[in-house]
S.K.: 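One structure coming up, written as structure tokens, with questions to follow.
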Amino acid sequence: MAGTPDGGESFDIVLDMDLSKRTSELADRNLALLDEHGVTAMDVLGSVGSGKTTLIDGMVARLKHRRRVAVIAGDITTRIDAERIEVQGVPVVQIQTGGACHLDGELVRRALDRLDLDALDLIIIENVGNLICPAAFPVGAHRRLLVLSVTEGPYMAVKHPIMVRQADLAVVNKIDLADAMEVDVERLAADVRGVNPEIAVVATCARSGEGVDELLAALEL
Ligand code: MG
Ligand code: ZN
């Protein structure tokens with residue numbers, strides 16, 4: 001850029017700031033839309049294979065009799081997760097990101113437009129499976145639920161501090177495999193709290209349903 005000593009570098013920074021501003025504006029717009037309709041949205045974040053879909057499936061099974069719940073399922077290319085949850089008879093909107101490794105406010109807005117918000121109390125959003133860039137892309141959710149599983153090893157919390165700091169609640173999943181993985185669940189939970197002292201941590205085995213009621217209680221759902 002003319003007139004700036006560092007040329008392209010400062011141009012890049014300007015672009016990044018615009019993107020970040022636009023990203024949070026879109027998220028805020030989604031929140032306003034949700035609030036207008038009295039709907040709470042929860043963004044569920046975790047690596048591929050951490051058990052997000054199984055956990056959401058278990059939450060929906062318990063919640064659908066007392067809350068009007070819908071699911072937005074983000075996935076890079078497949079409909080596998082969406083089809084699993086659709087069996088429960090709740091509205092499911094699939095977002096195929098077509099290669100993008102995170103959801104953003106724009107994609108979620110398009111999904112919201114396909115739901116009857118007046119007929120809902122709660123929307124659970126399954127974000128794309130990774131813990132890096134979704135931290136930089138708020139989607140417009142009231143809560144962020146972080147899913148870590150013991151199969152990812154003992155250092156997930158300390159390796160993803162930005163995500164841990166942003167989350168309202170963390171799940172340590174697959175606790176039935178903790179011994180086999182030689183992961184200390186208490187230690188992992190303590191690491192999460194070390195990064196984010198405000199956070200509640202719930203241990204679950206989503207596959208068997210262990211801990212899912214405790215999770216819903218912690219979420220006041
Ligand atoms: Mg999934
Ligand atoms: Zn991404």
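Ligands are counted one by one from 1 in listed order, and the atoms in each one are counted from 1 as well. In this chain, numbering begins with 1 at the start of the sequence shown. Computation of the quantities below employed the complete heavy-atom set of this structure, encompassing side-chain atoms and omitting hydrogens, waters and symmetry-equivalent molecules.
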S.K.: Within the stated cut-off of 2.8 Å, is an N/O/S atom of Thr53 closer than that to the Mg ion (ligand 1)?
M.R.: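 So Thr53 does bind the Mg ion (ligand 1) by this criterion.
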S.K.: Are Arg84 and Glu126 close enough for a salt bridge, meaning some N to O gap below 4.0 Å?
M.R.: no
S.K.: Please name the atom of Glu126, limited to N, O or S, that comes nearest to the Mg ion (ligand 1).
M.R.: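 Result: OE2.
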S.K.: With the Zn ion (ligand 2) at the centre, find the angle made by ND1 from His102 and SG from Cys133, to 10°.
M.R.: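 Answer comes to 120°, rounded to 10°.
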S.K.: What N/O/S atom of Asp81 is the closest to the Mg ion (ligand 1)?
M.R.: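 Per the distance ranking, Asp81 contributes OD2 as its closest N/O/S atom to the Mg ion (ligand 1).
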S.K.: Would the number of heavy atoms belonging to other residues, nucleotides or ligands and lying under 6.0 Å from CG of Asp179 be above 12?
M.R.: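 No, because the 6.0 Å sphere around CG of Asp179 holds 12 heavy atoms or fewer from other groups.
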S.K.: Checking the side chain of Asp168 only, and the main-chain atoms of Ile199 only, is there a donor and an acceptor separated by less than 3.5 Å?
M.R.: no
S.K.: Are Asp43 and Arg144 within salt-bridge range, i.e. N to O under 4.0 Å?
M.R.: yes
